[in-house]
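One structure is given below, encoded as structure tokens.
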Amino acid sequence: MAQVLGVMTSPYDLAAAVRDLKGAGFRELEIYSPVPSHEIEEALDRGPSPIRLLTLIGCLTGVSFAYFMQIWVAYDWPLVIGGKPFASIVPDTIIGFELNILLGGLFTVLGLMFFGMWKTRKGHDAYQPGFSGNLFGCLVACHGDQIPRAQEVLRRAGSSEVRVVEG
């Protein structure tokens, strides 16, 4: 599978190129941008990050484990004080909140590390130092017979440089 790189000077040109490429049937796009851009994000239309789900799972795990642990300890070593119930929800809420925050944060960090390392790219020459300065890039993965079509779409969108990248 070959890759075609288009270099642009404007985020608006890049967003238009992404929309045109998606309209032409290209789905595997990688974007290089020196700044965040809402136009590019909307053009990519990738949806919400899966890290939100990991944070929710961590929070629910933390609060569930906190209540389970406290109720289990209260019934395993009962202290009868004035006829009150062994397990009371109100004082246990503080520990539940603390473990909610702790495990939610840990799951978020682990998710960021996992998805950050999983999505790393190795061994291609598409990245240019200008992508950290003032240039924007769009890397399109395509088959050999689709290369001319991808190059045409990128040129029409205003790319200053279009080239095939192996890797």
Side-chain angles (χ1 to χ4, degrees), residues 1-22 25-77 79 85-142 150 154 159 165-167:
M1 183 172 273
Q3 297 173 328
V4 178
L5 176 68
V7 179
M8 296 166 205
T9 57
S10 165
Y12 305 108
D13 291 343
L14 181 59
V18 168
R19 282 191 284 277
D20 292 345
L21 286 165
K22 289 187 108 178
F26 296 101
R27 298 285 172 236
E28 294 183 42
L29 305 174
E30 185 171 339
I31 304 301
Y32 298 107
S33 175
V35 294
S37 170
H38 294 294
E39 291 85 12
I40 297 171
E41 280 186 47
E42 289 172 6
L44 285 171
D45 192 31
R46 290 201 173 144
S49 169
I51 297 191
R52 306 175 344 161
L53 181 62
L54 289 175
T55 304
L56 176 66
I57 290 170
C59 289
L60 293 176
T61 302
V63 75
S64 300
F65 178 70
Y67 281 119
F68 169 75
M69 176 182 63
Q70 292 176 94
I71 292 170
W72 173 62
V73 167
Y75 279 100
D76 201 27
W77 293 289
L79 294 173
F86 295 134
S88 180
I89 299 298
V90 176
D92 294 349
T93 301
I94 296 169
I95 304 299
F97 174 75
E98 294 295 332
L99 277 180
N100 171 16
I101 298 300
L102 176 67
L103 287 184
L106 286 175
F107 274 53
T108 301
V109 169
L110 290 174
L112 285 170
M113 289 173 54
F114 174 75
F115 285 108
M117 291 177 192
W118 183 39
K119 298 261 184 187
T120 55
R121 305 288 189 234
K122 299 175 185 159
H124 65 72
D125 299 324
Y127 182 78
Q128 297 176 4
F131 294 150
S132 294
N134 62 347
L135 297 177
F136 296 83
C138 180
L139 186 66
V140 183
C142 54
L154 287 169
S159 293
V165 179
E166 296 299 327

Hey, what's the ring geometry for Trp72 with Phe68, parallel, tilted or perpendicular (30° and 60° as the breaks)?
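Because their plane-to-plane angle is under 30°, the rings of Trp72 and Phe68 count as parallel.
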Is the ring pair Phe131/Tyr32 parallel, tilted or perpendicular, if the boundaries are 30 and 60 degrees?
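Geometry flag for Tyr32 against Phe131: parallel rings.
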Is the CD atom of Gln128 crowded by more than 12 outside heavy atoms at less than 6.0 Å?
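Check passes, neighbour count above 12.
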Do other residues, nucleotides or ligands put more than 12 heavy atoms under 6.0 Å from Tyr75 OH?
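More than 12 within 6.0 Å, yes.
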At what distance, to the nearest 0.5 angstrom, does CD of Glu30 lie from CD of Gln3?
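Glu30 CD to Gln3 CD: 7.5 Å, rounded to 0.5 Å.
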How far does CG of Leu106 sit from OG1 of Thr61, to the nearest 0.5 angstrom?
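If we round to the nearest 0.5 Å, Leu106:CG and Thr61:OG1 are 11.5 Å apart.
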CA sep, side-chain torsions, deciding dist, call: Phe115, Ile51, side chain to side chain contact (heavy atoms under 4.5 Å, CB included)
CA-CA 8 Å; Phe115 285 108; Ile51 297 191; 3.9 Å; yes
Is the backbone N or O of [Y] less than 3.5 Å from a side-chain atom of [X], with the two atoms forming a donor-acceptor pair by type?
X	Y	result
Gln70	Asp92	yes
Ser37	Ser33	no
Ser159	Met8	no

[X] vs [Y] side-chain heavy atoms within contact, under 4.5 Å:
X	Y	result
Phe136	Pro34	yes
Leu21	Cys138	yes
Leu54	Thr108	no
Ile57	Phe107	yes
Leu139	Val4	no
Phe65	Leu99	yes

Among Leu102, Asn100, Ile101, find the residue that satisfies the side chain to side chain contact (heavy atoms under 4.5 Å, CB included) test when tested with Cys59.
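Option passing the side chain to side chain contact (heavy atoms under 4.5 Å, CB included) with Cys59: Asn100.
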Show, in sequence, the C-alpha distance, side-chain angles and deciding distance for Thr9 and Asn134, and conclude whether the side chain to side chain contact (heavy atoms under 4.5 Å, CB included) test is met.
CA-CA 7 Å; Thr9 57; Asn134 62 347; over 6 Å; no
Which residue pairs pass the side-chain hydrogen bond (donor to acceptor under 3.5 Å, both in side chains) test with at least one member in residues 11-21, sequence neighbours excluded?
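Qualifying pairs: none.
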Of all heavy-atom pairs between Ala43 and Lys22, which one has the smallest distance, and what is that distance?
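For Ala43 and Lys22, the tightest heavy-atom pair comes out as O-CD, 3.5 Å.
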Which heavy atom of Gly62 sits nearest a heavy atom of Leu103, and at what distance?
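That would be CA-CD1, 3.3 Å.
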Using the test side-chain contact (heavy atoms from CB on, under 4.5 Å), find all partners of Leu44 that sit at least two apart in sequence or belong to another chain.
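Leu44 satisfies side-chain contact (heavy atoms from CB on, under 4.5 Å) with Val18, Leu29, Ile31, Ile40, Arg46 only.
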